[in-house]
Amino acid sequence: MQLLLIHSDYIEYEVKKSTPVAEKIEESFRSGRLDEALTAFIAVEKVDESGVDEVINKALTEIRNVAGQVKAENIMLYPYAHLSSDLSSPKIAVSVLKGIEKELSGEFNVKRAPFGWYKAFRISCKGHPLSELSRSIVPEGGPVSCGEAIAVTDEKEEVVSEALKAESTAKSYWHILTPDGELHSIDDFDFKGHENLQKFVNYEISKQRAVERAPPHVELMRRLEIADYEPGSDSGNMRYYPKGRLIKSLLENFVLEESYKVGAMEVETPLMYDMEHPTLKKYLDRFPARQYSIESDKRHMFLRFAACFGQFLMNHDMTISYKNLPMKMIEMTRYSFRKEQRGELVGLRRLRAFTMPDMHSLCTDMEQAVAQFDAQYNMCIGVLDKVGIKVDDFEVAVRFTREFYEDNRDFITNLAKTVEKPVLVEMWDTRFFYFVLKFEFNFVDALAKASALSTVQIDVENAERYDINYIDTDGTAKKPVILHCSPSGAIERCIYGLLEKEAMNSENGGVPMLPLWLSPTQVRIIPISEKHMDFALQVAEKLDYRVDIDDREDTVGKKVREAGREWVPYVVVVGDKEVETGNITVTVRSESEPNKPKKVQMTLEELNARIGSEVRGMPYKGLPLAQLLSARPRFL
RNA sequence: GCCUCGGUGGCUUAGGGGUAUAGCGCGUCCUUGGUAAGGACGAGGUCGCGGGUUCAAAUCCCGCCCGAGGCUCCA
């Protein structure tokens with residue numbers, strides 16, 4: 001069903017001429033008018049025939065919902081065939097319209113325009129934000145658009161699909177699940193000791209999102225010369241300075257390495273796709289709004305918003321045996337593009353072009369998929385932990401259908417046990433999305449805003465849609481269950497999380513810094529005067545990590561201050577004393593307090609060993625900028 | 001789409017009918033300094049764009065563009 005809702009000052013109609021399918025009407029029915037009315041233009045479609053009652057119920061939910069929001073007491077039901085090119089039989093259509101009319105007539109003043117007549121009508125749309133809305137309603141089990149294919153591993157409101165439309169009609173049951181397996185209602189749950197979860201719940205359910213200042217990471221990303229807005233591009237497309245590029249690159253490599261460890265094959269797929277491709281066309285014809293589109297000669301392309309497209313199309317062409325399953329594929333999408341609305345973009349939190357690891361696992365059946373889900377849940381915890389975002393820094397949301405829960409109760413409980421804290425649960429009576437089970441780890445920032453990082457979903461639809469098969473033991477082709485997984489979430493969002501975390505740390509009287517393996521400068525050497533430069537160079541030579549030298553003509557005090565502002569983890573001042581002994585005094589940022597630097601005497605070997613043990617197993621790259629600070633340009 | 005605020009040298013910013021502050025940064029020089037900003041001098045701006053009012057507009061008025069935040073919305 002296609003539903004177009006117009007909140008109007010008035011709507012009036014008058015029948016002109018009957019069509020062959022016209023319903024018989026009384027004289028009084030030939031014209032009608034309602035003032036201050038919500039008009040529902042309705043086209044009943046072929047697919048609705050498979051679930052008439054359900055479609056009626058969904059339509060009622062929509063209409064009641066909107067009528068409530070705009071405070072309309074009068075409702076005009078107006079059959080409007082032109083909203084769809086695939087109409088139901090007239091008989092069904094009339095029964096649906098009458099069904100809706102009957103249900104609404106108790107609560108509202110309802111009129112229904114006659115079906116099957118050419119009618120003249122006049123309407124005066126109010127023009128406020130809620131005054132014009134359209135909805136598509138599809139019965140469960142009916143064909144759905146291929147759009148869910150592109151569904152997303154990044155965050156809930158970006159899940160792209162028919163399912164999203166259905167979301168407004170989907171009834172969500174919210175709970176808090178504690179590690180003991182108890183499902184608590186949100187209202188009764190005592191959030192003492194779980195303040196972040198409270199914030200997350202407020203954000204997610206109560207939609208408390210107002211905030212009075214810019215997020216702290218925006219200033220930090222610029223001051224630390226990580227990333228910046230690029231006025232020459234579209235909003236939400238950032239530029240990354242050398243330090244930011246280093247951090248991103250290390251994070252990207254790290255997530256890829258972790259994926260290789262669990263057996264994922266890295267692939268690369270195109271950034272743009274043809275809108276006319278048969279598998280994608282239907283979806284894109286219907287919902288052209290959210291992606292960048294590109295005219296290329298005569299072809300009309302769009303930019304991907306995840307790697308699902310490319311990988312599923314690749315899977316479709318592959319020959320896959322049950323012996324190959326579970327089969328994992330990953331791509332570090334640089335970039336995924338989503339044309340988010342202007343006002344939704346913020347710093348590194350929400351972008352229009354972002355880097356997201358997107359891994360898909362093909363599994364033989366639900367049992368294997370659930371086992372994989374469990375393994376990947378734990379993998380995601382480990383990945384974020386090493387990135388520097390600990391279990392305490394995020395809140396877990398688990399979303400599933402009631403049916404899945406009843407079949408897998410212990411499994412779900414175990415998810416809360418694993419993180420040893422209560423998690424937010426969203427449960428649906430019926431499956432509106434392409435997945436039956438999903439989790440996300442949500443970072444709650446300095447302003448109590450939540451955003452999803454890692455996520456895994458069990459997808460039970462797209463193997464069918466993309467016609468992806470594997471050959472089972474008996475020689476027949478079967479459809480796999482597919483897991484979507486973003487082990488870390490968007491890379492930019494990890495950086496945002498780290499910066500926000502340190503901003504909070506700083507506000508609480510801590511000394512902010514990035515994890516050592518991500519710090520652009522790991523050791524800063526400050527020679528006291530020019531005559532100590534030789535020694536400084538020797539020290540730099542003997543250290544194995546990213547070491548730079550502040551050789552600028554400034555006072556020692558100023559250089560120390562600047563090293564602090566850059567969050568340099570180890571600062572070494574060298575002068576006559578060091579030249580004499582050959583040993584160094586190191587200011588250790590991680591053990592310092594504001595205005596109370598922690599200084600430790602050590603040898604170069606000891607410093608090397610100390611850094612080595614802290615960054616063991618993590619990716620490494622050399623300095624992203626000149627070693628001598630005097631040779632570095634300023635980026636802002 | 002709506003609301004608020006903003007657009008002045010590379011950055012941050014003051015001011016506001018008579019073409020303009022200051023700090024940082026940058027350059028030159030002095031200082032060769034031991035853990036959170038040493039000093040002096042200098043270069044650098046048609047005050048977002050277009051129109052209007054005026055003897056005179058960066059300043060007032062109108063329109064537009066761009067940015068930040070919020071709201072709303074979001075296949």
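Letters A, B, ... are given to chains in the order of the sequence lines, protein chains preceding strands, and every chain is numbered from 1.
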For RNA chain B, what dot-bracket results from Watson-Crick or G-U pairs at under 3.5 Å, with [ ] for crossers and | for inter-strand partners?
(((((((..(((.....[...))).(((((.......))))).....(((((..]....))))))))))))....
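Identified under the salt bridge (Lys or Arg N to Asp or Glu O under 4.0 Å) test for residues 571-581 of chain A, with sequence neighbours left out: none.
At the heavy-atom level, A/K577 lies under 4.0 Å from base atoms of the strands shown. Here A/F635 lies out of heavy-atom contact (under 4.0 Å) with every strand. Within 4.0 Å of A/D554, counting heavy atoms only, lies no atom of the nucleic acid at all. Counting non-hydrogen atoms under 4.0 angstrom, A/V571 reaches nothing in the nucleic acid. The residue A/G557 sits close only to the backbone: its heavy atoms come under 4.0 Å of sugar-phosphate atoms, none of a base.
Residues from residues 525-536 of chain A lying near RNA chain B, meaning a heavy-atom separation below 4.0 Å, are A/I528, A/S529, A/E530 in numerical order.
Neither OP1 nor OP2 of B/G69 sits under 4.0 Å from any side-chain N or O of A/K449. Remark: A/K558 is in phosphate contact with B/G25, judged by side-chain N or O atoms under 4.0 Å from OP1 or OP2. Between A/S235 and B/G67, a side-chain N or O to OP1/OP2 separation shorter than 4.0 Å is present.
Comparing the C1' positions of B/A14 and B/C47 gives an interatomic distance of 12 Å, to the nearest angstrom.
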